[in-house]
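Below: the structure, in structure tokens.
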Amino acid sequence: MDKERPPTLNAAFYRRKNLNMVEGAKPTGGGGPPPPPQIPPTATQHQQHAPPPPPRPPHQPPRPPSFAHRFATRAKNAVGRSLLLGGKVVGLVAAANIALYYYESNQVDNFFGTAASDDNDDNDSDDAESSKRLKHKKKRVLVLPFDNLKIIEQRKSGDFDNLTPLLFERNKQPTITLEAKELVDIIHKAASDPTISALYADFGEGMRYPMGYAHIEEIRNAIRIFNESHRVHRDPNINHNPVFAMMRNGNPKPSYAFGHSFQWNEYFLASEFSYVHLQARGNLNLFGVATTNTFLKGALDKYGVKAHVFRHGEYKNAPSILTDKKYSPAHLESVQSMTSSLNNSIRTCIENSRALNFDNVMWQSIFEYGSLTSANSAEIGLVDSIPPVDPLISLLDVNKIEAKLKLKKKSSTGSKKTDNANNRDDDGNEANKARKKMEEKFGLHESYSKFTATDTVSLVKYKQMLNKKAKIDGTRKQINAKLQKLSETSTATSMILSAVGLQPDKASSNREKIAVVTVDGNIASSLSYEIVRCLRCIRKDKDVKSVVLRVNSPGGSVTSSEAILEEIKLLDVPVICSMSNAAASGGYYISMNSEKIFAHPTTLTGSIGVFGGKIDATKWANSYGIRGDYYPRGSHAAAMHPLTPLTPGMKDNIARMVLDYYNYFKGVVATGRSLSVEEVEKVAQGRVWTGEQAKEVGLVDALGGLDRAISYARTAHTKADHVEIEHWPKNSFRFEDLPKMLSQESSYIDIVQALLTASLGLKDDAKSGSVEQLLSKLTELKLADKPHFLLTMDEETALDLIFRGE
């Protein structure tokens with residue numbers, strides 16, 4: 001073995017060996033023996049001859065980083081941690097939203113699909129297994145609690161009705177507040193819902209919150225659509241399409257109304273239901289429409305207060321509360337005409353709904369007879385049955401037992417045939433006993449046999465589920481729109497989406513809207529400002545193809561009404577007007593730029609007239625040694641002060657302004673209705689007309705409600721298959737409303753009382769407290785300090801505007 005070879009062969013060894021051989025060779029001319037190989041130095045020898053390493057520099061501490069460097073490092077770390085935490089939070093929120101979406105989607109599908117309602121725990125089946133099998137067979141009845149239902153035209157910002165359930169014990173029923181269009185929409189959707197087999201209206205002792213006649217008419221129309229749910233309705237609700245992808249059944253759905261007693265307006269609503277049940281000891285009080293008016297002139301004379309009123313025209317009766325002691329001939333004529341027209345319209349509706357053939361003599365006899373007993377009412381066909389108590393619970397129990405028996409009959413099999421037969425006999429006997437017991441208690445009537453529901457669903461629960469369904473449908477539309485946009489990027493993307501079952505529906509590129517603007521309440525500066533703001537927003541939206549002006553107002557200030565009308569004239573799209581309970585004076589004024597005007601037969605409209613007034617309390621002040629004076633003499637600056645007497649100059653000025661406003665009002669009506677001023681004068685003079693009368697004299701175009709107005713706008717001014725209905729003003733709570741509410745009261749107890757009153761929707765009757773209010777204002781001398789020229793038919797509105805000074 002070669003002694004020079006290291007224990008481990010490596011390239012470095014041979015490289016050094018060859019290099020040493022080359023360097024040690026001597027050049028020779030002729031050959032010779034090669035030089036002896038040199039032994040490489042060992043590691044110890046190499047270290048002895050190697051130069052010493054350079055000395056190390058002395059140890060220096062590391063240089064500290066600068067402030068900018070430290071700040072950048074910390075910021076970078078903080079940003080990284082924030083992004084990491086933000087990503088986790090976003091992921092959690094997204095996961096929670098997805099889970100919530102699928103949970104609510106499944107909940108809605110179960111509710112509107114095959115699952116039964118679990119609202120009524122008292123109706124749960126004793127047999128859990130049978131209850132599971134019953135789920136897909138249950139049918140619901142939608143209960144409408146009219147005895148505790150408050151119907152309004154539109155919610156106002158600052159309403160606290162949603163907080164009402166939190167302020168009371170659970171065993172007390174809170175007030176349910178709904179807009180009229182919300183209840184109509186709920187009934188329409190119930191007509192298309194295959195799980196809703198019937199409507200049941202509970203009137204109890206009577207409606208706590210009176211309802212306007214126009215609202216009653218719209219609800220009656222919705223009930224009629226429910227009763228005829230086996231048909232597709234095109235009018236008045238052309239926009240009514242089934243919200244469920246199922247075929248309608250071939251049978252109409254029944255509806256029921258039960259009450260301990262009925263007044264005229266309550267029976268007007270109840271008569272549209274398929275069957276009317278009146279408690280055996282109840283009464284039917286059909287006295288017709290009554291109008292009451294309060295006159296304060298005697299009280300004002302007693303206290304030495306004089307109201308100077310300047311009016312055009314003869315039937316402008318709103319200020320009569322301050323100037324008359326009883327009905328004037330013109331006032332009485334107007335009231336008689338209005339009440340007669342309302343009674344005739346309501347009588348016609350009741351006759352059509354109940355298939356009655358009453359003549360005028362019969363109706364007059366009913367009005368003059370007084371309260372009808374339940375037996376009298378059933379005898380002449382005004383009610384269908386007179387049960388001793390509400391039959392709803394008994395009907396549900398019997399139907400549930402019979403449905404359970406039907407399922408057991410279908411589930412019987414061979415091995416248990418004998419046992420099942422015995423069980424069926426027992427169940428059959430139980431069902432027969434329950435049916436017989438109910439018939440003994442309530443009697444035999446066809447309405448009971450047509451009631452097939454086995455469970456109830458409350459109005460609140462049904463509305464909540466409809467809201468959830470609308471929310472989920474909106475989310476699905478957004479997802480569909482994004483998928484549609486994604487599929488349009490390329491054909492390959494579209495094919496992939498189609499392969500995995502995500503092919504979106506074709507979305508319409510033409511988006512169109514109909515804006516519904518609701519003018520609800522006295523037309524004063526605050527309402528005028530809100531409506532003008534809404535109209536300006538609508539004017540900027542190019543998708544809006546038409547505006548439906550929904551008016552529910554007795555009138556108000558001239559200038560506020562003018563501001564709304566002028567803003568309507570600036571719209572570039574056609575305007576259609578729908579009149580609710582009232583659209584009179586200022587409410588009629590703002591409707592004059594409409595292409596078409598719809599009104600209910602019971603709508604109160606017209607009242608084309610103007611009045612202004614001044615309160616003179618100098619005689620009252622003199623009796624207490626109080627004297628008011630003003631400077632400069634002959635000036636109109638103090639004309640509206642209650643302690644300033646009316647001078648001839650002031651009188652001429654107010655009369656001239658009222659006449660100018662009246663002439664302008666007639667000109668606006670003449671232009672809007674394409675009439676001459678002389679023709680307008682014949683129907684003006686401040687006279688109030690019902691909707692039916694107004695159509696005859698040319699003040700409105702057609703009879704119908706909000707649905708019909710929207711249907712007309714859709715048909716005449718839109719082309720898209722799907723048209724979005726957008727309601728204005730938007731419902732929103734404003735925190736600035738709360739301090740205003742609180743500042744109106746002086747003590748915490750009064751503040752709480754005011755909040756509770758607002759949440760309940762209660763309001764003191766202004767007419768019953770008119771004298772106290774008037775005398776209080778006169779004593780405090782807080783009358784308006786500026787003249788008011790009013791377009792209103794309503795006494796309460798007139799007093800409110802005069803004393804509030806808005």
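All heavy atoms count here, side chains included; hydrogens, waters and symmetry mates do not. For this chain, numbers begin at 1 and follow the sequence in order.
Using a 4.0 Å cut-off between a side-chain N of Lys or Arg and a carboxylate O of Asp or Glu, Glu272 and Arg224 do not qualify as a salt bridge. A salt bridge does not link Glu228 to Lys253: none of the charged nitrogens lies less than 4.0 Å from a carboxylate oxygen. The pair Lys513-Asp541 counts as a salt bridge, with a side-chain nitrogen and a carboxylate oxygen less than 4.0 angstrom apart. Here Glu218 does not pair with Lys181 in a salt bridge; the nearest charged N to carboxylate O distance is not below 4.0 Å. Salt bridge Lys189/Asp193: absent, no basic N to carboxylate O contact under 4.0 Å.
Under the 3.5 Å distance criterion, with hydrogens and angles disregarded, no donor-acceptor pair is assigned to the side chains of Ser578 and Arg708. Checked by atom type, the side-chain pair Glu512/His722 shows no donor-acceptor distance below 3.5 Å. Remark: the Ser345 side chain and the Tyr213 side chain contain no N/O donor-acceptor pair separated by less than 3.5 Å.
A pairwise comparison of heavy atoms in Arg550 and Gly705 identifies NH1-C, 4.4 Å as the closest pair. For the pair Asn593 and Lys569, the tightest heavy-atom approach, listed with the atom from each and the gap, is ND2-CA, 3.6 Å. Heavy-atom minimum distance, Ile523 versus Ser553: CG1-OG, 3.4 Å.
Between Tyr256 and His277, the two ring planes are tilted [angle within 30° to 60°]. Taking the six-membered ring where tryptophan is involved, the planes of Tyr267 and Phe262 are perpendicular, since the angle between them exceeds 60° and thus also 30°.
The closest side-chain heavy-atom distance from Leu183 to His215 is not below 4.5 Å.
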Please assess Arg511 against Glu724 for the test salt bridge (Lys or Arg N to Asp or Glu O under 4.0 Å), listing each intermediate value before the final yes or no. CA-CA 8 Å; Arg511 185 185 182 190; Glu724 180 181 352; 3.1 Å; yes
Ser546 vs Arg714, side chain to side chain donor-acceptor pair (under 3.5 Å): CA-CA, chis, key distance, verdict: CA-CA 8 Å; Ser546 179; Arg714 175 193 295 272; over 6 Å; no
List the steps and the verdict of salt bridge (Lys or Arg N to Asp or Glu O under 4.0 Å) for Glu179 and Lys150. CA-CA 8 Å; Glu179 295 179 359; Lys150 180 182 177 184; over 6 Å; no
